[in-house]
Colleague: 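The following block contains the structure, expressed as structure tokens.
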Amino acid sequence: MTQAVQAYSYAGPSVLADGRLGLSTSGGTALSGPQSHPRFFSGLLSQAAPAAAGLLAVADVALARYHQPRPGWTRDPVVTCDGGRLRFESFSACGGVYARLDVLELDGDVLDRGTTNVDVNGPLRESLARVGGKDPLHLGVGPDELTVTTLDGAVVEKKVPLPSRWLRGFAEVQVIAAGWDLRAELSGPHAVRFLRSLPRGARSTVWAVPAGRDLRLSAGPGRGGVCLAGTGRVATLMPLLRFAKALRVYGPADGSSTASAWELELPGMRYTLAVSPEPWRGFSGEGAVLDDLSTDEAAGDADLVGMLLNFEPTVELGLLADRSGLPLDRVRAALTQLGTAGRVGYDLHEAAHFHRELPYDKEQVAELNPRLTSARRLVDSGAVRLLPGDSGDLAEVTTDGGVRRVRMAAGECTCPWWFDHRGSRGPCKHVLAARIAARVAMDGPLNDTIKATAATEATQ
């Protein structure tokens, strides 16, 4: 598995003392440009205890490896300031759980907008766990807000390996979530009762099926139900239940996936967990981004749309289409490309994308989708043969393992990958190659080999 190394350099450790929480920052992008230690916010959070518990929950996911747990993962969360809220995000080491805390009520000075990593160290975690009551908490996102002055400006440096599946996961989550609907909403007491009724076995899989104003557990799918694969993976919801005002559950309306999202409404904030279809299966294996990334115009459209983003709390597709002059389908594909680069996320509650810039090396992005790279290599080598008839839907792809027959519209193939997954993890490389070749043949400039082959076979 490909890995890169993320280097953090903090001006000092994050600290919590005397009701003041100073989060030290490392790198990132702001409206004012690239920053080594950006400052985004200085002010009050309306309630200390929910904020501290929510931040600790995000940090817990960043430290966790739910499948085959083992120590050694020290990835720090990222925070985005959009001027009206703070979004703290993290991803589990196994790539199967995504967490986000949206702090919605800010009272203070927004100093800049952008995204950065924040230091969450051991002593800070212990301090956050001790926060209680409903008193306001002063928060500073940026190095000048460090509240302990006896550290003599000590620099904190960390080097962390980032698996490629971790980076791809941020893209896959936002693409998959964009196709989910709200399936159930429970009031606070009902939410607490349901979540505490979940099986304690970390690997247990259950279905949550609507039953009036409540949810009931089922061993199998039910009408309107949502799957929770690996009940232990929502453990970070439990410490937040004492603050819960509501629980919202999201999933695919057509039951096409067993992934799901669980959102707790807290005082002045929301905490969202998205879990992959299986405990052993990370979001990076879903392949949901591949079709959008395979279009010839996606990269250029992404450059154009990316220039129009301004760290907005919600990205309006219609407005982007008007400003860019692109049709909506190409704007959506451009957002997928931007998601792969860590530049957009998706908010289920708002049913909209939001702008953020994950602070990692963008040059890694090209290596994050090996299936797409293999598909383009097949096209370039002339391995794809478009077949006449059947509305141009059929193709044959010649590989070292034999000739694979493809139905492009259905995404079906005769390769072992398709027989194993039946499209549940995105298209195989042969389907992708056929679709790319078909677009080349139809939209031009035409590939001479494909054009000649199709014309010859049409006369036979």
Side-chain angles (χ1 to χ4, degrees), residues 28-34 40 78-87 89 100 102-104 106 110-115 170-182 250 252-254 261 263 270 272 274 288-359 362 365-366 368-369 372 409 435-436 438-440 442-445:
T29 302
L31 284 182
S32 56
F40 288 143
V78 299
V79 61
T80 298
C81 179
D82 61 25
R85 72 188 74 183
L86 296 171
R87 298 183 188 270
E89 297 179 272
R100 190 179 72 248
D102 296 329
V103 180
L104 308 173
L106 302 180
V110 175
L111 308 173
D112 205 342
R113 289 185 284 169
T115 308
F170 268 102
E172 299 282 358
V173 167
Q174 63 95 10
V175 174
I176 295 169
W180 291 350
D181 296 326
L182 177 64
Y250 301 85
D254 59 0
E263 176 189 276
R270 289 190 293 267
T272 304
V289 303
L290 296 176
D291 274 320
D292 283 340
L293 296 181
S294 67
T295 63
D296 292 333
E297 65 270 8
D301 290 351
D303 289 340
L304 174 59
V305 171
M307 293 174 62
L308 301 175
L309 299 178
N310 202 30
F311 289 104
E312 301 91 338
T314 59
V315 174
E316 298 183 19
L317 293 181
L319 185 59
L320 280 181
D322 290 341
R323 290 178 176 176
S324 65
L326 299 173
L328 281 175
D329 61 333
R330 286 177 60 178
V331 171
R332 290 190 182 95
L335 289 174
T336 299
Q337 182 90 8
L338 292 169
T340 306
R343 299 187 62 190
V344 293
Y346 191 80
D347 188 324
L348 282 158
H349 187 86
E350 304 283 351
H353 293 85
F354 62 89
H355 180 202
R356 53 113 144 92
E357 301 273 351
L358 289 184
K362 304 300 189 294
V365 171
L368 298 185
N369 291 288
L372 181 56
R435 289 173 176 171
I436 293 171
R439 281 196 294 268
V440 171
M442 293 179 63
D443 300 332

Colleague: Could you walk me through whether L348 and W180 pass side chain to side chain contact (heavy atoms under 4.5 Å, CB included), step by step?
Modeller: CA-CA 8 Å; L348 282 158; W180 291 350; 4.0 Å; yes

Colleague: Which atoms form the tightest heavy-atom contact between C81 and V110, and what is the distance?
Modeller: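 Nearest pair, atom of C81 first, then V110: SG-CG1, 3.9 Å.
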
Colleague: Salt bridge or not between E350 and R100? Use side-chain N to carboxylate O under 4.0 Å.
Modeller: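 The answer is no: the pair does not qualify as a salt bridge.
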
Colleague: Run the side chain to side chain contact (heavy atoms under 4.5 Å, CB included) test on L86 and L104 for me, step by step, so that the C-alpha distance in whole Å, both residues' side-chain angles and the decisive distance to 0.1 Å come before the verdict.
Modeller: CA-CA 7 Å; L86 296 171; L104 308 173; over 6 Å; no

Colleague: Could you tell me whether R87 and D102 have a side-chain N and a carboxylate O separated by less than 4.0 Å?
Modeller: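 Judged by the 4.0 Å cut-off on N to carboxylate O distance, R87 and D102 do form a salt bridge.
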
Colleague: Show your reasoning for whether side chain to side chain contact (heavy atoms under 4.5 Å, CB included) applies to L335 and V305.
Modeller: CA-CA 8 Å; L335 289 174; V305 171; 4.3 Å; yes

Colleague: Heavy-atom distance under 4.5 Å between the side chains of R85 and R270, does that happen here?
Modeller: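 A side-chain contact under 4.5 Å exists here.
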
Colleague: To the nearest 0.5 angstrom, please state how far the CG atom of L326 sits from the CZ atom of R332.
Modeller: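 Between atom CG of L326 and atom CZ of R332 there are 12.5 Å.
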
Colleague: Nearest 0.5 Å, please: how far is OG1 in T272 from CG in D347?
Modeller: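 Between D347 CG and T272 OG1, I get 6.5 Å after rounding to 0.5 Å.
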
Colleague: Is D82 salt-bridged to R113, going by a charged N under 4.0 Å from an acidic O?
Modeller: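 No, this pair does not count.
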
Colleague: Measure across T314 and A352 and return the closest heavy-atom pair with its distance rounded to 0.1 Å.
Modeller: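 Scanning both residues completely, I find the closest heavy atoms to be CB-CB, 4.0 Å.
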
Colleague: Distance check, rounded to the nearest 0.5 Å: H349 atom NE2 versus E263 atom CD?
Modeller: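 Rounded to the nearest 0.5 Å, the NE2-CD separation comes to 6.0 Å.
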
Colleague: Taking the six-membered ring for Trp, are H355 and F311 parallel (under 30°), tilted (30 to 60°) or perpendicular (over 60°)?
Modeller: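 Answer is parallel, since the angle falls under 30°.
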
Colleague: Hey, mind stepping through D112 and F40 against side chain to side chain contact (heavy atoms under 4.5 Å, CB included) and telling me if it holds?
Modeller: CA-CA 5 Å; D112 205 342; F40 288 143; 3.8 Å; yes

Colleague: Which value, rounded to the nearest 0.5 Å, describes the distance between L317 atom CG and S324 atom OG?
Modeller: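 With rounding to 0.5 Å, CG (L317) is 10.0 Å from OG (S324).
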
Colleague: Are R343 and E357 ion-paired here, with the side-chain N under 4.0 Å from a carboxylate O?
Modeller: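 Yes, charged N to carboxylate O under 4.0 Å.
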
Colleague: Mind checking the CG-CZ spacing from D301 to R330? Nearest 0.5 Å is all I need.
Modeller: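 With rounding to 0.5 Å, CG (D301) is 4.0 Å from CZ (R330).
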
